[in-house]
Every structure is written in structure tokens, then in C-alpha cells.
Amino acid sequence: MPDETCLLRVERGREMDDDKEARLTIMYLANLISVPMALHAALKLNLPDLVWQEGTNLPISAKQLAGLVQTKLGLPTQPDTVNLQRILRVLASHGVFEEVPENGNQAAKAFRLTNVGQTLVTDCQGLSLGAYVMRNCLDPLVQAWTRLHESVLDPSQEAFKKVHGLPVYEYYIKDPACNSLMQRAMSGLSVPFMKALLESYDGFGSDGLKTIVDVGGGTGSCMAMIVERYRGLQGINFDLPEVVANAPQYNGVTHVGGNMFDSVPTGDAMFIKGVLVSFSDEECQKMLENCHKALPEKGKVIACEGVVPENTDNSERTRTLLVVDIYLMAIHAAKCKNRTESEYRKLGEAAGFTNFRALYLDHFYTLMEFQK
């Protein structure tokens, strides 16, 4: 039978291992900023497109890649190969690149894109999730993060507004370069999701819908995709006058300027994507009330938003929803948020909708129907 001293040593050894693991975890979390910044650096250097090489995606060494970067950027000298490889390695450890032996030589390394990394490659429409990464790394946004704690102490203003003196969307309007990047970032997110949505959801072509209003539809690209799929449908893209004033023209889509908190154009259905998360509960209820007024009997709101689980877990989906939630708090508004399904249900009921259902069609977005 083991003596008490031996058992204490074993227990203390376990505690020391736990302490070491805990310290290691905190060091990792404290330095996580390295990951988006490494992604930012990779995109500034055009690494995803240079590795992809129009679909070949062949393993390439840091030295070879440095030569391609030199040519692409028109540099007088070749970039530093060692530092380039360090960036590639950290991104490989996070599944963006795959590290493989170069020509069978275990000591030399080459890199190619994983499925995750391929989301950063520019497609034939000029889109990728690279713009989303670049948008999040803009200096004005990064500057706001050090004041995140003030969203707890004073939730009347988000950190971004406290730093820059105006809301983020007003900042975008005043800075054309930032606004252009933001628009490309949103398109890079929206287009693949909308394609998948239109393949898996038939709610736009049912119930005799003739007119659908995209509330907070920005430049109207989502509405354009819907009416292109359902040719008999008339689309109204509704957003602030200064937003729709510069929106491109699409067949079957009419741009209407206004304020969703005052009123919403009438239609058989309303489409809302990524908008409810940007506002407080009170503002969301008012927006949904205006949608309710503008809908006929049995009309519906079709909303696509990130929906967090009722109970927190450490799955990649939950973590993604929650880190985006903190982004919303810091950049958009201290009281805007990703909500749970039950919170959305309550908002719909408070606005007068009698039926609600949630369809989990995507890893991030959840489609919700609010039926009048």
C-alpha cells in the first residue's frame, strides 16, 4: 500500500503539471494578437495568391516565395527569407498553410495553402476573406481595443467612438479607402453565404412572395442575388440615403433611402442579414416593429444572424461567434451583440410576431423566420 508521502508527491506533481499548463495557456492567449497580425502581413505580401498560382497550390519554399514577393511588389532587393518563414510557420500551426518537406528533404520546409488558407485567395470576382482580415486590422479599429474595458464601465459609447469621436460607419463614410475595404470585406463574407443559402433555403420562392425588402441592405448585392435566382420577385434595397446613393444598379432591384427606425417600405417579406447584431435590444425591437407594420397578414421577416448557443462551450463555432460578439461590442456599439435563439424569439414576440423558427443552415449564420 503506497505511503502518504508518496501519494502527496504524486498529487503535488499533478498540481505542478497543471500549473505549467495554465501558464502556457495564458502565454498563448496573451500573444494571440500575433495570429491576425501574421495574417495581415501575409496578405500585404500577397502570399495566398502567390502560393495559389491559379490553382496549382504547389509547395513552395520561403526563399522561392520571397523571390515572387520581390517581383510582385517591385522591390529592389529580396525580402528577408528567415522572417518570411517565421510568418509561414505560425500560420501553418493555425491551419492556414501546410508545412511539408521540400523535395523530400526533412530539414528544408515548403508551404502550401490548406482549405482554410484558400479562403484568402482572390477569386474571379476579386473577392476573398482577405479583405475581412485587412478590415479588422485597420489602424483605427486596432486603436479602439485598448479601451474595451470601458464598455463595461460606461456602455453608453463603444470603444471605437470613445477613441475617434464618431461611430464606425460614420468614420467609414469620411474615409473612402476604409469604406471601400469594409464593403469588400462584407462582400467577401456575404457572397459565399448567399450562394449556399439560395441552394438550401426555398423561403424566397414560396408563399406567393412578389416583393421583398432588404432592410439595411447596403449596396444591394444580397438582394441582387435573390432576385437573380427568383426572376419574378421584385427587390427593394433599403438603407440610409447616403448609402444607397452610391449603390450600383441591379436588374429587379430598386434602391430606397430612409431610416429603419422611422419606417420600412412595404413588402411581402423582409430580409435582414447581419443587421440586428449591430443594434441594442430596444433598437432591434423598434426595427422589427416597423417591419411588422410594413408586412401583410402572414408576412414574414427572414433574418440571418450569428446565434450563440444557450450554454457556452469551446467548439470552434461557439468561439467564433463569441469573438465576433466582442468585436461588435468594441467597434459597433457597446450594447449590440450576437444573441441566443431564445433572445431573438423574445424580440420577435415583443414586436408582434406570433411564430418563430430557426434554421441552422450555415456554420456561422443562422436563418430565422419571424411570421406575422
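If you're wondering where the values come from, they're calculated on a predicted model, not measured in any experiment. All residue numbers refer to positions in the sequence shown, counting from 1. Computed over heavy atoms, backbone and side chain alike; hydrogens, waters and symmetry mates excluded.
Residues in residues 269-286 take part in these salt bridge (charged side-chain N to carboxylate O under 4.0 Å, His left out) pairs, two or more places apart or across chains: D281-K337, D281-R339.
Judged purely by atom type and a 3.5 angstrom limit, D49 uses its side chain to pair as donor or acceptor with the backbone of T122. Listed for the S180 side chain is no donor-acceptor partner under 3.5 Å among the backbone atoms of A177. Judged by distance alone, with hydrogens and angles left aside, the side-chain atoms of S187 form no donor-acceptor pair with the main-chain N or O of R184 at under 3.5 Å. With R317 contributing its side chain and H363 its backbone, the two residues share a donor-acceptor pair below 3.5 Å. Remark: the backbone N or O of N115 is not paired with any side-chain donor or acceptor of T119 at under 3.5 angstrom. A donor-acceptor contact shorter than 3.5 Å is absent between the side chain of N290 and the backbone of V264. Distance alone, capped at 3.5 Å, is enough to place a donor-acceptor pair between the N237 side chain and the G218 backbone. A distance-only check finds a donor-acceptor pair linking the side chain of T114 to the backbone of V96 [under 3.5 Å]. Between the side chain of E305 and the backbone N or O of V275 there is at least one donor-acceptor pair closer than 3.5 Å. D268 contributes a side-chain N or O that, together with a main-chain N or O of K210, makes up a donor-acceptor pair within less than 3.5 Å.
Through chains of ILVMFWY side-chain contacts below 4.5 Å, I33 is grouped with M37, V142. When hydrophobic residues (I, L, V, M, F, W, Y) are linked wherever their side-chain heavy atoms come within less than 4.5 Å, the members clustered with L29 are I26, Y28, L32, V35.
In this structure, F160 has its ring center no closer than 6.0 Å to that of H332.
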Next on the checklist: If you apply the rule side-chain contact (heavy atoms from CB on, under 4.5 Å), what do you find for F111 with L65, and how did you get there?
Outcome noted: CA-CA 9 Å; F111 300 86; L65 192 52; over 6 Å; no
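Between F271 and F204, the angle of the ring planes goes over 60°, which puts this pair in the perpendicular group of the 30/60° scheme.
Residues S93 and V90 meet the side-chain proximity criterion, which asks for heavy atoms closer than 4.5 Å.
Atom CZ of R89 is surrounded by 12 or fewer heavy atoms from other residues, nucleotides or ligands within 6.0 Å. Dense packing is recorded around CD of E310, with more than 12 heavy atoms of other residues, nucleotides or ligands lying under 6.0 Å away. The neighbour count for D262 CG, taken as heavy atoms of other residues, nucleotides or ligands under 6.0 Å away, is above 12.
A donor atom on one side chain and an acceptor atom on the other are not found under 3.5 Å apart for Q234 and T254.
With sequence neighbours excluded, the residues forming a salt bridge (Lys or Arg N to Asp or Glu O under 4.0 Å) with K162 are E150, D154, listed by chain and number. Partners of R357 by salt bridge (Lys or Arg N to Asp or Glu O under 4.0 Å), not counting sequence neighbours, listed by chain and number: E369. Every salt bridge (Lys or Arg N to Asp or Glu O under 4.0 Å) that R229 has, sequence neighbours left out, goes to E199.
Contact check on R345 versus E341 returns a salt bridge, with a Lys/Arg side-chain nitrogen under 4.0 Å from an Asp/Glu carboxylate oxygen.
Tracing side-chain contacts under 4.5 Å through hydrophobic residues (I, L, V, M, F, W, Y), one reaches Y201 starting from F364; they form part of the same cluster. Transitive grouping of hydrophobic side chains (ILVMFWY, heavy atoms separated by less than 4.5 Å) keeps V253 and V243 in distinct clusters. Neither L88 nor V100 shares a network with the other; the hydrophobic side chains, linked directly or stepwise wherever heavy atoms of I, L, V, M, F, W or Y lie under 4.5 Å apart, form separate groups for each.
Just one of L359, L197, L367, I272 meets the side-chain contact (heavy atoms from CB on, under 4.5 Å) condition when paired with I302; it is L367.
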